[in-house]
Number of protein chains: 2
Amino acid sequence: MTSTGPARQASLRERNLATIARAVIDAPDPLSRADLAACTGMTRATVSTLVDQLVEAGLLTELPAVASGPGRPAVPLAPAARTVVGLGLEVNVDYLGGRVVDLTGAIVDEFVIAGTLRGSSATATLRRLGHLARDLIARVESRGMRIAGAHLALPGLVDTRTNLLRIAPNLGWSDVEPLPLLGLPAGLPATVGNEAKLAALAQLWGCPVTERASRTFLYVSGDVGIGAAIVIDGELFGGRRGWSGELGHITIDPAGPRCGCGATGCLERYAGKEVLVTDVGLGIDVADDVLVDRLSAADDAARAAVTTAGAALGQAMADAVNLLDIDTVLLGGVYTGLVPLLRPTITEQLRTRVLGAPWAPVDVAPAPVANHAALTGGAATSLRAVVADPMPWIAAAAG
Amino acid sequence: MTSTGPARQASLRERNLATIARAVIDAPDPLSRADLAACTGMTRATVSTLVDQLVEAGLLTELPAVASGPGRPAVPLAPAARTVVGLGLEVNVDYLGGRVVDLTGAIVDEFVIAGTLRGSSATATLRRLGHLARDLIARVESRGMRIAGAHLALPGLVDTRTNLLRIAPNLGWSDVEPLPLLGLPAGLPATVGNEAKLAALAQLWGCPVTERASRTFLYVSGDVGIGAAIVIDGELFGGRRGWSGELGHITIDPAGPRCGCGATGCLERYAGKEVLVTDVGLGIDVADDVLVDRLSAADDAARAAVTTAGAALGQAMADAVNLLDIDTVLLGGVYTGLVPLLRPTITEQLRTRVLGAPWAPVDVAPAPVANHAALTGGAATSLRAVVADPMPWIAAAAG
DNA sequence: GTAGTTTGTATATCCACTGAACTTATTCAC
DNA sequence: GTGAATAAGTTCAGTGGATATACAAACTAC
């Protein structure tokens, strides 16, 4: 009954525009039209017309030509700054934020308001975020930029098909429909996503091209809950409803302590922030860097607790790697700062428990993008949609 | 540096041919050219030329027109029988086989030779299989069929990029390069794959369209080892090297018994065939149906052991579902027959341990294709490649 | 200044899909 | 039977987009 859509002539244009846009934006150094022709296999003529359209639409810019060697100097192309931008929004346990990023990856404008939101009213908080977001949008639009889309990151189970938040245990929210409460301008495409998943996407696009994560990795974000995101060849693997990556509820020991989710022995009860803060006698709302400092300077008892956490984390990661055959694990959230403490136990677990480890060891590293990564990830996701389908923007620029 | 290839004019043809071929082959009832135009969105003119080429190439056939209602009767189109075929080969612990399947899904010819191959010589066994396969190929080609490709299924860790078998514990094989040993005709595209993964693909394509598995599921195959395959929207998720799905080495209890892989408490030690046969005092080489009968008729002690296995299986599946957000689990291998015994404990585990279960319960069912599924899966995989890119076959038919 | 080299643009051509008109084959009404 | 109505499939001029080739532009090197 159903099937993939037909390929019209226009599909060629769409695909080739996307290919060119992506090549320029993902390139470590500016490419010329000739470079693009060489690396995409298109003719120089084709590339020229495509580039002209992308420049016209404000997605790319021509840099001043620099002569080097014989022959006519090439015109280097680069993503356009401050023309088309993406908006990332986030409500998390200890802050509220919005960030606008442009195609160069630069942060154009942002706000981050610290303060615990545990147990806050979903309606009030989202209305407040909406107010701040509308201000941010107004500022950015008054500077002549066009906003491609908005993504709201929430620390919980989000149904990506319906944009409904099912439950966010650490906020105390459940069954919320966030987008109407934000009251974003009509016509601005907006979606809701899980915080860890958007943070993972920031690792792909949110930093200079040369420092980017490899295109396939498992991102593990430690907070009160433990979220994970599976990224395969640059694509987030969300699962049927976007509920993939619930690493925090992998079973470490079925006879273990009871978890808030109703099951027993979940990873969260061994390696969640709640356990870590208790080990050094701190409160749950302590800042990540304080917690990291205290754990790093702690005595043997607390060190043992970190080792337990690391072993549990390693076991859960080994399960994930055995299932998914992924060879890179990036640690985010609190874990980023704890990599020196955690890595030995984690890698030991991975070495012994991953079936393929003798042939291809698993790499464990801190996530390169750390500061409010989900904001960047959300903004970048909107921009990736533009890059993946620049046609509407060209039509808009022409008409 | 790299990027997706350019979209040439020919790409349109390629894509539209694939769309048409797939629509006809996956349709529950024969479609006419007009039906195809309606469901793909192409014009009738376009569909006509594409269909003509596919018929010419021997991928589709026109059935006799049946009049029903006013108007010119439609010409129903169906996959062509016995024109282009795929070859599946398999070496497993207790048999050796080859199967040829055509585009209608019918088995055209096959051989299955029972007998334990545990501890056999890889070289001798693969040479023997190669001999049998060449006979099969000769028979099929003498009947005028063209073989699109061959897939060899092996019960072990196969590197799908290099077609190397790293290790097959239950055969006692390691570091084998199987394809040269088979000595298949030069020019026949051949690859090696994991047995459970190819069996999973058979669930998608190896049975009448109406009985097919949903396009997203986790296939769990119980044998001496426990293999799994992740299928997302009709695509096998193989991971970086094709080593995904090692469910058998998910940790059930870190303090559990030592496993052959070197780790402790792996699922295999709770729910593998080795444990099950021991429970009812049988040998490891017993046929699956005998084992199922004995377990079904067993006393309380053995029943308790099956329950333990089911709980462990359920726990591992819950881990997988939490990670992947998949809502269907198909049980293959020995487990197919044990579904009545296993399901209660499995579903109980899934209900309590899967975070999303309250909103979307996980369905556990026996795999619809059971008999030597990996053979069918291997053959079908070759055919899917033809359907996904029919162009070369059209060129061959024309030239 | 001239030759050599590379980049980017212009023009004719080709290929595949579109749309509208046309042919073919059936049902139904009389 | 005959003819209108209906739906399937085909034909053919038209269009969009990529290609290939030739050419203009801008630089280095001698």
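Given the structure is predicted, the values throughout are model-derived calculations rather than measurements. In the text below, chain A, chain B and the rest are named by the order of the sequence lines, each starting its count at 1.
Counting only heavy atoms from C-beta on, Met42(A) has its side chain closest to dT19(D) among dT19(D), dT26(C), dT18(C). Looking at the side chain of Ala34(B), the nearest of the listed nucleotides dT5(C), dT19(D), dG9(D) is dG9(D). Of the candidate nucleotides dA7(D), dT7(C), dT19(D), dA7(D) has the atom nearest to the side chain of Arg72(B). Relative to the side chain of Pro70(B), the nucleotides dA8(D), dT7(C), dT27(C) differ in distance, and dT27(C) lies closest. Side chain of Ser48(A), nearest nucleotide from dT18(C), dG9(D), dG8(C): dG8(C). The side chain of Ala45(B) lies closest to dA20(C) when the candidates are dA8(D), dT27(C), dA20(C).
For the pair Arg44(B) CZ and dA20(C) C1', the computed distance is 11 Å after rounding to whole Å. Note: CD1 (Ile20(B)) to P (dG9(D)) measures 12 Å, nearest angstrom. In this entry the distance linking CD1 of Ile394(B) with P of dA16(C) reads 11 Å, nearest Å. The separation between Leu12(B) atom CG and dC17(C) atom P is 6 Å, rounded to whole Å. Here the P atom of nucleotide dG9(D) and the CG atom of Leu63(B) are 12 Å apart, to the nearest Å. Following rounding to the nearest Å, Asp35(A) (CG) and dG8(C) (P) show an atom-to-atom distance of 8 Å. For the pair Gln53(B) CD and dC17(C) C1', the interatomic distance rounds to 13 Å; values are reported in whole Å. Leu17(A) places its CG atom 16 Å from the P atom of dG16(D), with the value rounded to the nearest Å.
Proximity of Arg8(A) to the phosphate of dA16(C): no side-chain N or O atom is located under 4.0 Å from OP1 or OP2. At dA18(D), one or more side-chain N or O atoms of Arg13(A) fall inside 4.0 Å of OP1 or OP2 (strictly under the cut-off). Residue Ser32(B) places at least one side-chain N or O closer than 4.0 Å to OP1 or OP2 of dG9(D). Distances shorter than 4.0 Å separate some side-chain N or O of Thr43(A) from OP1 or OP2 on dT19(D). Applying the 4.0 Å criterion to OP1 and OP2 of dA16(C), one finds that Asn16(B) has every side-chain N and O outside that range. Applying the 4.0 Å criterion to OP1 and OP2 of dC17(C), one finds that Thr46(B) has every side-chain N and O outside that range. When the side-chain nitrogen and oxygen atoms of Arg33(A) are compared with OP1 and OP2 of dT9(C), one or more of them lie within a distance under 4.0 Å.
The pair Asp325(A)-Arg240(B) does not meet the salt-bridge criterion, since no charged nitrogen lies less than 4.0 angstrom from a carboxylate oxygen. Ionic pairing of Arg15(B) and Asp389(B) is not present here: no N-O contact between side-chain nitrogen and carboxylate oxygen is shorter than 4.0 angstrom. Of the charged side-chain nitrogens involved, none lies within less than 4.0 Å of a carboxylate oxygen, so that Arg241(A) and Asp159(A) do not count as a salt-bridged pair.
Heavy-atom nearest nucleotides on DNA chain C were determined for Gln9(A) and for Thr49(A), and the one closer to the 5' end corresponds to Thr49(A). Residue Met391(B) is the one, among Ala65(B) and Met391(B), whose nearest nucleotide of DNA chain C lies closer to the 5' end (criterion: closest heavy atom).
The minimum heavy-atom distance between Leu204(B) and Arg215(B), with the atom names listed, is CD2-CA, 4.1 Å.
Counting heavy atoms from C-beta on, the side chains of Met42(A) and Thr19(A) come closer than 4.5 Å.
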Worksheet item: Given Ser32(B) and Asp35(B), is the side chain to side chain donor-acceptor pair (under 3.5 Å) satisfied, shown in steps?
Response: CA-CA 5 Å; Ser32(B) 69; Asp35(B) 292 336; 3.2 Å; yes

